[in-house]
There are 2 protein chains.
Amino acid sequence: MSVRIDETDRKILSELQTDAGRSLDEIAKAVGSSKTPVWNRIRKMREAGIIGPPTVVPDAEALGFEATFFVLIRTSEHEADWQRRFLAALQARPEVQEAHRLAGDIDYILKVRVKNARAYDVFYQALISEVRVYNVTALLSMEELKSTRALPL
Amino acid sequence: MSVRIDETDRKILSELQTDAGRSLDEIAKAVGSSKTPVWNRIRKMREAGIIGPPTVVPDAEALGFEATFFVLIRTSEHEADWQRRFLAALQARPEVQEAHRLAGDIDYILKVRVKNARAYDVFYQALISEVRVYNVTALLSMEELKSTRALPL
DNA sequence: GCTGAAAATAGGCGGGT
DNA sequence: ACCCGCCTATTTTCAGC
């Protein structure tokens, strides 16, 4: 399932992940190639699922999402059914922007974006009423120092 | 500096943050409006900085970035100069995808994406050689259950 | 697999309502 | 402020090399 990506593909991705709004001509010039081959490579990478659709990142602060929490979760339950319900709950809640299953002491970490601390409490109460967790620690972000999804290609 | 966003703007943002690749006509139809007003609203939101340029999210796994760490950092140093250097180090390192200054016990959390555990160690050694930290805990992600930057508008 | 051009489509802009 | 249609740029396809 691993895909072979050459240097040109990497350059194209690098351009797209910083600004996908430019014309093919500009991107082609930036990577030292021409329109058609660049277009073909992008199409192939889309089909291979290496890149998703272009998206726009809204400014959370400007839209009133002023509270970000990182939530560390321990659970004592590790049965398949519990996991399935927990996963479904995370997927269903739009305030959960990231969810990872971890190795070690802490079982899960979530990144939760909400309008304010009050809204976090609503989320938290709803979550623990849906699935049983052993211990939850919420870390409140005071300042977002960096936020990107760009990979160092 | 707060911007007034009405229901139509919210709908447009909602469309754009899931797929910015569709034509203006399609988006206009989806939000129940027409080309010109939608275009004007998008332009205004871009100018106001509410949305950045369209970008494409590459599939990290497919590109060989197979290790994600969440790094919890405690420090004893809180002088302005230390903070400045720490911030500069984070900005300069492309493997740092997120960095937040926290309230409470733990001072900072980072999300670090690297090719493998070995690469994380390289990053870690480089970081602690640049800035002094008191305590570092790395949480290794076993599975990315959810990852989005979309806001619930 | 690249080039260049042709066809299809969407962005951008002005006038009208 | 929105709707409509024109013009232009860009995307997408397809021939030939």
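Computation of the quantities below employed the complete heavy-atom set of this structure, encompassing side-chain atoms and omitting hydrogens, waters and symmetry-equivalent molecules. Reminder, nothing fancy here: chain letters follow the sequence lines and each chain counts from 1.
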Other residues, nucleotides, ligands: >12 heavy atoms within 6.0 Å of Arg118(A) CZ: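 Not more than 12 within 6.0 Å, no.
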Is [X] linked to [Y] within one hydrophobic cluster, defined over Ile, Leu, Val, Met, Phe, Trp and Tyr using a side-chain heavy-atom separation of less than 4.5 Å?
X: Ile73(A); Y: Leu139(A); value: no
X: Ile27(A); Y: Ile50(A); value: yes
X: Tyr124(A); Y: Leu72(A); value: no

Specify the separation, in whole Å, of atom [atom1] of [X] and atom [atom2] of [N].
X: Ile42(A); N: dG1(C); atom1: CD1; atom2: P; value: 15 Å
X: Glu26(A); N: dA9(D); atom1: CD; atom2: C1'; value: 11 Å
X: Arg22(A); N: dG11(C); atom1: CZ; atom2: P; value: 18 Å
X: Ile27(A); N: dA9(D); atom1: CD1; atom2: P; value: 19 Å
X: Lys44(B); N: dC2(D); atom1: NZ; atom2: C1'; value: 12 Å
X: Asp25(B); N: dG11(C); atom1: CG; atom2: P; value: 7 Å
X: Leu24(B); N: dT10(D); atom1: CG; atom2: P; value: 15 Å

Under a 4.0 Å heavy-atom cut-off, which of residues 30-40 of chain A touch DNA chain C?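 Listed by number, they are Ser34(A), Thr36(A), Pro37(A).
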Ser76(B)/Arg132(B) under side-chain hydrogen bond (donor to acceptor under 3.5 Å, both in side chains): CA gap, chis, key distance, verdict: CA-CA 9 Å; Ser76(B) 41; Arg132(B) 186 160 189 80; 5.9 Å; no
Is Glu7(A) salt-bridged to Lys11(A), cutoff N-O under 4.0 Å?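 So Glu7(A) does not pair with Lys11(A) through a salt bridge.
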Short N-O contact, Glu130(B) and Arg93(B), less than 4.0 angstrom: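 Judged by the 4.0 Å cut-off on N to carboxylate O distance, Glu130(B) and Arg93(B) do form a salt bridge.
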For DNA chain C, please output the secondary structure as dot-bracket, reading 5' to 3'. Pairs are Watson-Crick or G-U wobble, both atom distances under 3.5 Å; mark crossing pairs with [ ], other-strand partners with |, unpaired with a dot. ||||||.||||||||||
Taking OP1 and OP2 of dA1(D), is either one under 4.0 Å from a side-chain nitrogen or oxygen of Arg41(B)?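 No.
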For DNA chain D, which residues in residues 5-17 of chain B have a heavy atom at a distance below 4.0 Å?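 Result for residues 5-17 of chain B: none.
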I'd like a table of donor-acceptor pairs (distance under 3.5 Å, sequence neighbours excluded) in which one partner is a side-chain atom from residues 98-112 of chain A, with atom names and distances.
residue	atom	partner	partner atom	Å
Glu98(A)	OE1	His100(A)	NE2	2.8
Glu98(A)	OE1	Lys111(B)	NZ	3.1
Glu98(A)	OE2	Lys111(B)	NZ	2.8
His100(A)	ND1	Ser141(B)	OG	2.8
Arg101(A)	NE	Glu143(B)	OE1	2.9
Arg101(A)	NH2	Glu143(B)	OE1	3.1
Asp105(A)	OD1	Arg74(A)	NH1	3.1
Asp105(A)	OD2	Arg74(A)	NH1	2.9
Asp107(A)	OD2	Thr75(A)	N	2.8
Lys111(A)	NZ	Glu98(B)	OE1	3.1
Lys111(A)	NZ	Glu98(B)	OE2	2.7

Pairs where residues 27-69 of chain A contributes a residue and the test ring-ring contact (aromatic ring centres under 6.0 Å, His included) is met, not counting sequence neighbours: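 The answer is Phe69(A)-Tyr120(A).
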Arg46(B) side chain vs Ile51(B) backbone, donor-acceptor pair below 3.5 Å: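 Not a single qualifying donor-acceptor pair exists.
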Partners of Ala28(B) by side chain to side chain contact (heavy atoms under 4.5 Å, CB included), sequence neighbours excluded?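 Only Val38(B) meet the side chain to side chain contact (heavy atoms under 4.5 Å, CB included) criterion with Ala28(B).
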